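Inspection log for the structure reproduced underneath, given as structure tokens.
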Number of protein chains: 2
Amino acid sequence: MEKFGKVDEYLSVRGIKPSYQRIKVFDYLIRYRNHPTVDTIYKELVGEIPTLSKTTVYNTLKLFHDKGIVLVINIEDNETRFDADVSNHGHFKCIKCGEIYDFRLEAENLNLPDLSDFKIDEQHIYLKGTCPKCE
Amino acid sequence: MEKFGKVDEYLSVRGIKPSYQRIKVFDYLIRYRNHPTVDTIYKELVGEIPTLSKTTVYNTLKLFHDKGIVLVINIEDNETRFDADVSNHGHFKCIKCGEIYDFRLEAENLNLPDLSDFKIDEQHIYLKGTCPKCE
DNA sequence: GTATCTGCAAAACATTTGCAATTCT
DNA sequence: AGAATTGCAAATGTTTTGCAGATAC
């Protein structure tokens, strides 16, 4: 994951003090790139960090989101997921296996009409269906 | 709202018994077109239907969704909203006033790449930013 | 030593479930 | 009467909040 350089430096540069917990959470996000929920992150890390609390995971992800280094993914109404890839891309969720795939989104692919007076800050494209493995 | 004809008929044709509560909920959706949450619908209708319970609103919206006559909108992670317009359109949420706007989506506007092996059932386009009124 | 960060416990919400009462035909 | 619908109360699950202790600079 050279793209991020050393994680503590990546965080520092963006005004986030690189605490042990924050480094581990961010490291998890970029290592697995699996669009995890808070619960997934917590369960994965608590083995390594026995004192970890979910509150800290919530705090950390909120901070990351405020600082613009993670995206919040609301593709399903009963689970909030997170993504450290903040580039412009879309998400596809397979309704059979539950896997979430990323796909590239070129600007010209989204030529939205009559929104000239709207200032667009965020753009989320969510698709649902069946992935090649499950078809 | 001629598009829906009489609500009880619209529901019946789609295999939904048009109970008083169901008619009122659907009527609310098509009359206000305001992408309400369960709570909004409940609060609006309980004045008119004093015995109404939130459970019934939940049951009703789940039934409507299963039968394909409402869309679930997850533009925000802390609120599930509903839309009786099931045509292909996108949603824009103003982060200042909170209003949600619909916008048309033509097929050629969404020319998504390399998804030929994926079977797409649902497509959600959510934008966030500032609306003309709030700019 | 003072700020910040962490994590426990409780609170606040949103949603679901079980079941009994009601309604409809 | 029988089947479906409604609605209460309780359970569940997720996220937030208050605060005390730990950690970092």
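Within every chain, numbering begins at 1; the chains are lettered A, B, ... in the order of the sequence lines, protein sequences first and strands thereafter. As the structure is a prediction and not an experimental result, all values here were calculated from the model.
Rounded to whole Å, the distance from CG on Asp39(A) to P on dG13(D) is 10 Å. For the pair Tyr42(A) OH and dT15(D) P, the computed distance is 15 Å after rounding to whole Å. A straight line from CG of Asn74(B) to C1' of dT14(D) spans 14 Å, rounded to a whole angstrom. Residue Lys54(B) contributes atom NZ, which lies 15 Å from atom P of dA9(D) at whole-angstrom precision. Atom CG in Leu61(A) sits about 14 Å away from atom C1' in dT16(D), given to the nearest Å. In this structure, CD of Gln21(A) is placed 12 Å from C1' of dA24(D), rounded to the nearest angstrom.
Each of Ser53(A) and Asn59(B) has a nearest nucleotide on DNA chain C; the 5'-most of these lies closest to Ser53(A). Map Leu63(B) and Asp77(B) each onto its nearest nucleotide of DNA chain D; the residue landing nearer the 5' end is Leu63(B). When each of Lys62(A) and Lys17(B) is assigned the nucleotide of DNA chain D with its nearest heavy atom, Lys17(B) is the one assigned upstream, toward the 5' end.
Scanning DNA chain C 5' to 3' for nucleotides with an atom closer than 4.0 angstrom to a non-hydrogen atom of chain B gives a first and last hit of dA14(C) to dT17(C).
Across all strands shown, dA3(C) has no partner, as no Watson-Crick or G-U wobble contact with both distances under 3.5 Å is found. Under the Watson-Crick and G-U wobble criteria, each requiring two contacts below 3.5 Å, nucleotide dA3(D) is paired to dT23(C).
Between Arg33(B) and Asp83(B) there is no salt bridge, since none of the side-chain N atoms of the basic residue sits less than 4.0 Å from a carboxylate O of the acidic one. Taking 4.0 Å as the cut-off between side-chain N and carboxylate O, Lys133(A) and Glu135(A) do not count as a salt-bridged pair. Comment: Lys128(A) engages Glu76(A) in a salt bridge, judged by a side-chain N to carboxylate O separation of less than 4.0 angstrom.
Looking at heavy-atom distances under 4.0 Å, Glu79(B) makes no contact with the nucleic acid at all. Using a 4.0 Å heavy-atom distance criterion, Ser19(A) is classed as a sugar-phosphate-only contact.
Ring geometry for Phe118(A) against Phe92(B) counts as perpendicular: the plane angle is over 60°, on a 0 to 90° scale with 30° as the lower cut. Between Tyr32(A) and Tyr28(A), the two ring planes are tilted [angle within 30° to 60°].
Phosphate proximity of dT15(D) to Thr80(A): present, with a side-chain N or O under 4.0 Å from OP1 or OP2.
Contact check for Val7(A) versus Pro18(A): no side-chain heavy atoms found under the 4.5 Å cut-off.
Side-chain atoms of Arg14(B) never come within 3.5 Å of backbone atoms of Ile69(B) as a donor-acceptor pair (strictly under, hydrogens ignored).
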